[in-house]
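Here the structure is a predicted model, which is why all the values come from computation and not from measurement.
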Amino acid sequence: MCEDVGTPLILDTSGGGLTHVKSGVFLLKPSIRELRECVGQELRTEAEQLAAAHDLIGCGVSQAVLVSLGGDGALLATPGHSQRFSAVQVQAGSGVGAGDAMVAAIAVGRTRGWPLNKSVRFGIAAGAAMLLTPGTATCTRPDVERFFEAVAEPVDIAAGEG
């Protein structure tokens with residue numbers, strides 16, 4: 001349906017929603033746990049995690065895969081390319097909604113015409129800002145913008161590295 005209207009689909013799902021998707025996704029955002037469950041492997045190393053993400057791209061499931069690693073940042077796989085994003089160091093609070101905030105901010109970045117890696121940095125900032133909030137409260141724009149300035153540029157990962 002998204003392809004029919006020319007809208008890229010950003011998908012953050014788990015379980016059957018993740019294992020049953022076969023195509024049509026622009027950006028798939030599993031957590032490392034969700035990716036492990038999806039592929040049925042432990043994915044202990046960064047190289048294994050990226051290989052699994054690239055396999056999903058190669059099978060046509062998604063054009064890009066962003067593996068969220070919690071306090072360890074994120075890995076972005078695109079065709080023929082991999083990047084590592086560092087997390088913003090914040091006092092850990094409730095993680096409720098951090099992944100959702102990450103996906104929402106990535107969508108905002110994309111609607112602003114930003115490249116995917118800049119949008120991912122914005123998403124990391126929003127996820128970090130959620131850690132400052134109690135329970136299910138929403139993060140604040142000033143916190144997101146402050147953290148966005150602190151999110152480092154991603155590091156390119158050479159094939160076989162990790």
Side-chain angles (χ1 to χ4, degrees), residues 2 5-15 17-18 21 24-38 43-46 48-50 52-54 56-57 61-79 81-157 161-162:
C2 288
V5 296
T7 300
L9 174 62
I10 299 174
L11 183 61
D12 179 9
T13 189
S14 61
L18 182 56
V21 65
V25 178
F26 167 69
L27 176 66
L28 183 65
K29 199 238 35 101
S31 68
I32 185 59
R33 177 189 54 80
E34 292 164 342
L35 183 61
R36 286 177 178 134
E37 291 171 359
C38 177
L43 307 177
R44 290 187 180 119
T45 68
E46 184 176 88
E48 291 172 340
Q49 295 159 11
L50 286 167
H54 281 284
L56 291 172
I57 294 168
V61 171
S62 182
Q63 294 177 38
V65 177
L66 178 66
V67 183
S68 57
L69 305 171
D72 291 327
L75 298 171
L76 177 64
T78 56
H81 197 223
S82 300
Q83 292 182 309
R84 178 186 310 115
F85 292 78
S86 298
V88 175
Q89 298 305 311
V90 296
Q91 189 75 3
S94 171
V96 174
D100 295 330
M102 179 185 217
V103 170
I106 291 169
V108 168
R110 297 296 294 167
T111 62
R112 291 178 177 174
W114 293 353
L116 184 54
N117 63 2
K118 183 176 181 180
S119 299
V120 169
R121 287 180 45 237
F122 196 53
I124 288 171
M130 283 300 295
L131 295 177
L132 300 179
T133 64
T136 58
T138 58
C139 57
T140 67
R141 184 176 182 162
D143 284 339
V144 174
E145 290 173 353
R146 177 171 49 95
F147 288 141
F148 182 50
E149 294 300 319
V151 177
E153 291 290 330
V155 175
D156 290 335
I157 303 170
E161 185 182 328

Problem set entry | Heavy-atom pair with the smallest gap, counting every atom of Ala87 and Gly71 | CB-O, 3.4 Å

Problem set entry | side-chain contact (heavy atoms from CB on, under 4.5 Å) partner of Lys29, chosen from Leu76, Val67, Val103, Leu11 | Val103

Exercise. Ala77 and Ala53: which non-hydrogen atoms are nearest, and at how many Å?
Worked result: CB-CB, 3.7 Å

For this session: State plainly whether the residues Arg44 and Glu48 are in salt-bridge range, i.e. N to O under 4.0 Å.
Result: no

Problem set entry | Under 3.5 Å: donor-acceptor pair, side chain of Ser62, backbone of Ile57 | no

Problem set entry | Heavy-atom side-chain contact between Leu131 and Phe147 under 4.5 Å | no

Exercise. If you round to the nearest 0.5 Å, how far is OG1 of Thr138 from CE of Met130?
Worked result: 7.0 Å

Exercise. Taking all atoms of both residues into account, what is the closest heavy-atom pair of Leu116 and Ala64, and its distance?
Worked result: CD2-CB, 3.9 Å

For this session: Can you measure from CD (Glu37) to CD1 (Ile32) and round to the nearest 0.5 angstrom?
Result: 10.5 Å

For this session: Looking only at non-hydrogen atoms, find the nearest pair between Ala125 and Val144 and report the distance.
Result: CB-O, 3.5 Å

For this session: Could you grab the distance from atom CZ of Arg121 to atom NZ of Lys118, nearest 0.5 Å is fine?
Result: 7.5 Å

Problem set entry | Pairwise side-chain contact, Val65 with Pro30, heavy-atom cut-off 4.5 Å (strictly under) | yes

Exercise. Got Leu66 and Met102 here, is their nearest side-chain heavy-atom distance under 4.5 Å?
Worked result: yes

Exercise. Under 3.5 Å, is there a donor-acceptor pair between the side chain of Gln49 and the main chain of Leu43?
Worked result: yes

For this session: Quick one: closest heavy-atom pair of Thr133 and Cys139, and the distance?
Result: CG2-CA, 3.6 Å

Problem set entry | side-chain contact (heavy atoms from CB on, under 4.5 Å) between Glu34 and Ser68, intermediate numbers included | CA-CA 10 Å; Glu34 292 164 342; Ser68 57; 5.7 Å; no

Exercise. CG of Leu9 to CD of Gln63: how many Å apart, nearest 0.5 Å?
Worked result: 10.0 Å

Problem set entry | Phe122: partners by ring-ring contact (aromatic ring centres under 6.0 Å, His included), with sequence neighbours left out | Trp114, Phe148

For this session: Determine whether Val88 and Ile124 make a side-chain contact, defined as any pair of heavy atoms from C-beta on separated by less than 4.5 Å.
Result: yes

For this session: Just do the side-chain contact (heavy atoms from CB on, under 4.5 Å) check on Asp12 and Asp100 with the steps written out, would you?
Result: CA-CA 8 Å; Asp12 179 9; Asp100 295 330; 3.9 Å; yes

Exercise. Does a side-chain heavy-atom distance below 4.5 Å link Ile157 with Leu75?
Worked result: yes

For this session: Can you see which heavy atom on His54 is nearest to which on Thr78, and at what distance?
Result: CE1-O, 2.9 Å

Problem set entry | Candidate pair Phe85 and Asn117, rule side-chain contact (heavy atoms from CB on, under 4.5 Å), full reasoning | CA-CA 9 Å; Phe85 292 78; Asn117 63 2; 3.8 Å; yes

Exercise. Out of Leu35, Val61, Thr13, which residue meets the side-chain contact (heavy atoms from CB on, under 4.5 Å) rule with Leu18?
Worked result: Thr13

